[in-house]
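All heavy atoms count here, side chains included; hydrogens, waters and symmetry mates do not. For this chain, numbers begin at 1 and follow the sequence in order.
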Amino acid sequence: MPLIGYARVSTEDQTPLPQSEALRSAGCVEIFEEHASGGNRARPVLARVLERISKGDTLVVVRIDRLARSLSHLLEVIERLEAKGAFFRSLRDPIDTASPQGKFTLQVLGAAAEFERALIRERTKAGLASARAKGRVGGNPGLRTKDPEALRKVRLARQDGYMERLNATAQDWVPHVRRLRPDMAWEDVVRIINGPLPHGRHWTQSRLLRAVKAYVQDGFLPAEVLGRAGRRETDDRLPAIVAAIKGADPEITLQAICDRLESMRERTPRGRTSWQPSSVRVLLERAEKLGLL
């Protein structure tokens, strides 16, 4: 199984060399280095690594904190790897999802995270009940009086919370949007994004548009991605979709593309639901002639 290494340091003054050497000694065939804060989930190099990894690969880090600073982010990344049939390993922590012991450790971490969330919910309910018993009214006094400054702060807080949630999922959709828009219609972009994701993390077109507009407004995406998609001939649509899947993962196999198209419920040129590698090969050849690859 190919081992893909990921090394991260927080500042430009630090060097990822010791991590890279440890990953190389562990047998990693590729090593990606990044200078970014561990608290930032929308890291471009990490997003590229997760897009690059395919079935059977293993993402390797020296320590868990080089990948994620929170348990929720760690579990999110591992869930995405599992959805692609890939694995995760930390050299200095007892986590290797390819082994029974590593899977058990991961289950314990997941249970601990759920227990922590349950405790927070119970403490919140108890605190609210205690306040009500003492006659205190919950909520922001400024909101009750519709104070403009209080309303502005709440609006900004909600926007910050929304952007934080978007940053947590940016690796799922930003690379596709940046690469496919405005050349491809939103409907097809959404289906390509949803292809490798678990059903519970699927995007709708309206939700994706709202996220993209927010990223464009903050300068994280160019305004061109919101441009109107050019009209594409009907015969060119399938080659464009296949080219997009291939472009996201140049090492992807023909059978894997078949599986992705079937998960997207995309029908073959003859209207069938089951895809064959030979059909994909023909579409890739056509995509190359059209300059899509």
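Interatomic distance, CZ of R63 versus CG of L91, reported as 10.5 Å (0.5 Å rounding). Taking CD1 from I192 and CD from E187, the interatomic distance works out to 11.0 Å, rounded to the nearest 0.5 Å. Here C28 contributes atom SG and L23 contributes atom CG; the two are 4.5 Å apart, rounded to the nearest 0.5 Å. Interatomic distance, CD of Q276 versus CZ of R281, reported as 11.0 Å (0.5 Å rounding). K55 contributes atom NZ, which lies 8.5 Å from atom OG1 of T253 (distance to the nearest 0.5 angstrom). Of the inter-residue distances, the one linking E33 atom CD with L17 atom CG reads 7.5 Å to the nearest 0.5 angstrom.
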Q: Would you sort out whether E266 and R237 count as a side-chain contact (heavy atoms from CB on, under 4.5 Å), showing the intermediate values?
A: CA-CA 11 Å; E266 191 68 53; R237 180 176 170 277; 2.7 Å; yes
Q) Passes side-chain contact (heavy atoms from CB on, under 4.5 Å), F87 versus L59? Steps please. A) CA-CA 6 Å; F87 306 98; L59 176 63; over 6 Å; no
Q: Let me see the working for V242 and R286 under side-chain contact (heavy atoms from CB on, under 4.5 Å), right down to the final yes or no.
A: CA-CA 10 Å; V242 172; R286 178 165 176 74; over 6 Å; no
Q. Which is it for R80 and L50 under the side-chain contact (heavy atoms from CB on, under 4.5 Å) test, yes or no, and what are the steps along the way?
A. CA-CA 8 Å; R80 184 174 180 187; L50 295 176; 3.9 Å; yes
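In this structure, the side chain of D218 does not engage the main chain of F220 through any donor-acceptor pair within 3.5 Å. For the pair S20 (side chain) and P16 (backbone), a donor-acceptor distance under 3.5 Å is present. K84 contributes no side-chain N or O that, together with a main-chain N or O of D57, makes up a donor-acceptor pair within less than 3.5 Å. In this structure, the side chain of R179 does not engage the main chain of G247 through any donor-acceptor pair within 3.5 Å. Side chain of H202 to main chain of N194: a donor-acceptor pair is present (N/O by atom type, distance under 3.5 Å, no hydrogens or angles). The backbone N or O of I95 lies less than 3.5 Å from no partner atom in the side chain of D93, so there is not a single donor-acceptor pair. A donor-acceptor distance shorter than 3.5 angstrom exists from the side chain of R8 to the backbone of D65, with no hydrogens or angles considered. When atom types are taken as modelled, the side chain of E285 and the backbone of V282 share no donor-acceptor pair closer than 3.5 angstrom. No donor-acceptor pair under 3.5 Å is formed between the side chain of R165 and the backbone N or O of A168. No donor-acceptor distance shorter than 3.5 angstrom exists from the side chain of T169 to the backbone of D172, with no hydrogens or angles considered.
Annotation for T268 and S274: closest pair CG2-O, 3.4 Å, computed over non-hydrogen atoms. The shortest heavy-atom contact between V189 and M184 is CG2-O, 3.9 Å. Among all heavy-atom pairs drawn from G227 and P182, the shortest one is O-CB, 3.5 Å. For the pair A86 and S54, the tightest heavy-atom approach, listed with the atom from each and the gap, is CB-O, 3.8 Å. Contact between A170 and P175 at its shortest, heavy atoms only, is O-CD, 3.5 Å.
Here the rule is side chain to side chain contact (heavy atoms under 4.5 Å, CB included) with W275, and of L254, L283, D259, I257 only L283 fits it. Partner Y6 forms a side chain to side chain donor-acceptor pair (under 3.5 Å) with one of E34, E30, R66 and no other, that one being E34.
Residue Q205 qualifies as enclosed at atom CD: its count of foreign heavy atoms under 6.0 Å is above 12. Around CD of E288, the count of heavy atoms belonging to other residues, nucleotides or ligands within 6.0 Å does not exceed 12. For R210, the CZ atom sits in a loose shell: 12 or fewer heavy atoms of surrounding residues, nucleotides or ligands are nearer than 6.0 Å. The number of heavy atoms from other shown groups lying within 6.0 Å of CD (Q14) is above 12.
For F32, there are no ring pair (Phe, Tyr, Trp, His ring centres under 6.0 Å) partners, not counting sequence neighbours.
Between I4 and T58, the closest side-chain pair of non-hydrogen atoms is not below 4.5 Å. The shortest distance between side-chain heavy atoms of E79 and P198 falls below 4.5 Å. Using a 4.5 Å cut-off on side-chain heavy atoms (C-beta onward), E76 and Q171 make contact. In this structure, V216 and V212 have side chains that are in contact, with non-hydrogen atoms separated by less than 4.5 Å. Between Y215 and V177 the shortest side-chain heavy-atom distance does not fall below 4.5 Å. With a 4.5 Å cut-off on side-chain heavy atoms, Q19 and V9 count as touching. No side-chain heavy atom of V62 sits under 4.5 Å from any side-chain heavy atom of S90. In this structure, I245 and L261 have side chains that are in contact, with non-hydrogen atoms separated by less than 4.5 Å.
A donor atom on one side chain and an acceptor atom on the other are not found under 3.5 Å apart for T97 and E82. Judged by distance alone, the side chains of N40 and S37 never bring a donor and an acceptor atom under 3.5 Å apart.
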